[in-house]
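For reference, the structure is listed below as structure tokens.
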Amino acid sequence: MNNNRIYLSLSQESGFEQKYIQKALKTNWITSGGPNVDEFENVLESYFENENYIAASNSGTSAIHLALILLGVKAGDEVICQSMTFSASANPILYQNAYPIFVDSERDTWNICPKNLEIAIKDRIKKGKKPKAIIAVHLYGMPYKVDEVHAIADRYEIPIIEDSAEALGSSYKGKKCGSFGVFGVLSFNGNKIITTSSGGALITNSKEIKEKAIFFATQSKDIASHYQHSEIGYNYRMSNICAGIGLGQIKILEKNINLRRDNHLFYDNIFKHIKNVQLFDNLNDDFFSNYWLNTILLETKKEREGLRLAFEEANIESRPLWKPMHLQPVFKKYPYYGHKIAEELFEKGLCLPSGSNLTNKDKSRIKEVIVNFFKRNIKLKNEN
Ligand SMILES: *Cc1c(COP(=O)(O)O)cnc(C)c1O
């Protein structure tokens, strides 16, 4: 095949990384933690208008785990989690031997449904345990209904961990995603809007909590000349080399957001001419998605699969939406509150190539597949 594969979301060099990596190597800061990590945290904090404190970690997953530890989540505690998400949102609940409670999505943002969230909280309290935390996710970069969800959490005094792994650069009512929760979480995994190859960050509003997060992330070393530990430690700190990549990458964050939003316009121009296909879009001006991934909802699972295979035939990657956690074998036995919205999204939804580096040629190839598929499909419908 002549055509190179087009991926959903591919990492991309900015050209600024080498300088920071070289410096780390030359100064023998080939370590976990170090000057690049401190600087990366500073740059991130200024990106968040210096209203938050940020601790860099070796992944988004470890940042979620640290948030649960810092909230005092222990074995047997219950933690509510949006079901429609990547498994990394939920796995750390099990690392703590806590008990996940899954909640359905709503149709507008595909994120945690406020109504079912409140039903779940009330029912868990009635059954004897108030949930210790709520993990809400800005899926594919789309902010969840922040006002509604936080009003409920505040009413029951339950802290929110805001999984903003896919939503760096998104905002709600002009405020950046990641800054609403008691904890916010970012990911710099290779497929995210900017990358450190592997990395993450924990966002908090307290300097002491940031320091405590770094303490846990660097093996919980007490102050002593020997290694002394009074608490369980973790090896979760970001590497100084990775932070160097992050310092180069953050320079192209705004550019990447604009490119991803251009991709959204590209898809909008195609799908506005196709009936019964819904391109996932901002609900209103309160919502500003970075459009990390562009996603569509088709009429049936069969149609979804048809389009996916048509892309595959043209060497273009596309993928069904996240399979909800309550349907995953590893999480099946845990309670679920809601109906079938997340399930329906999983059946009929498709993620489309959305990388910041899509070329015009890539876009023509993508458009050709979509247009031909729907031409053919409409014809098939007429023949039946
Ligand atoms: C990527 C991602 C994570 C985890 O981040 P890693 O850095 O890969 O550990 C968590 N939640 C969501 C929703 C993600 O997409």
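In listed order, ligands and their atoms are each counted from 1. The model shown is predicted, which means the values in this text are computed figures rather than measured ones.
Under a cutoff of 6.0 Å and an axis angle of 45°, Lys176 and Tyr47 form a cation-pi pair. Annotation: cation-pi geometry not satisfied between Arg376 and Phe374 (NZ/CZ under 6.0 angstrom from ring centroid, within 45° of ring axis).
The atoms of ligand 1 that sit less than 4.0 Å from any heavy atom of Thr85 are 13 (C). Here is the list of ligand 1 atoms found below 4.0 Å of a heavy atom in Thr61: 4 (C), 5 (O), 6 (P), 9 (O). Listed by atom number, the atoms of ligand 1 under 4.0 Å from Ser89 heavy atoms are 11 (N), 13 (C). Close approach of ligand 1 to Ser187 (heavy-atom distance below 4.0 Å) involves ligand atoms 1 (C), 5 (O), 6 (P), 7 (O), 8 (O). Those atoms of ligand 1 with a heavy atom of Ala88 less than 4.0 angstrom away are 3 (C), 4 (C), 10 (C). Those atoms of ligand 1 with a heavy atom of Ala165 less than 4.0 angstrom away are 2 (C), 3 (C), 10 (C), 11 (N), 12 (C), 14 (C).
Under the 6.0 Å cut-off for aromatic ring centres, Tyr337 and Phe102 do not qualify, their centroids lying 6.0 Å or more apart. The distance between the ring centers of Tyr334 and His326 does not fall below 6.0 angstrom. A ring-centre distance under 6.0 Å is not found for Tyr234 and Tyr95. Between His150 and Tyr144, the ring center distance clears the sub-6.0 Å criterion. For Phe280 and Trp110, the ring centers are positioned less than 6.0 Å apart.
Residue-environment remark: NZ (Lys23) stays at or below the threshold of 12 foreign heavy atoms within 6.0 Å.
Contact analysis leaves Gly200 out of contact with ligand 1, as no non-hydrogen atom separation drops below 4.0 angstrom. Between Gly199 and ligand 1 there is a heavy-atom distance shorter than 4.0 Å.
The protein non-hydrogen atom at the shortest distance from atom 1 (C) of ligand 1 is Lys192 NZ, 1.6 Å. From the protein, the heavy atom lying nearest to atom 15 (O) of ligand 1 is Glu166 OE2, 2.5 Å.
Considering backbone and side-chain N/O atoms, Phe188 never comes within less than 3.5 Å of an N/O atom of ligand 1.
Across Asn189, Thr196, Asp163, Val185, heavy-atom proximity to atom 10 (C) of ligand 1 is greatest for Asp163.
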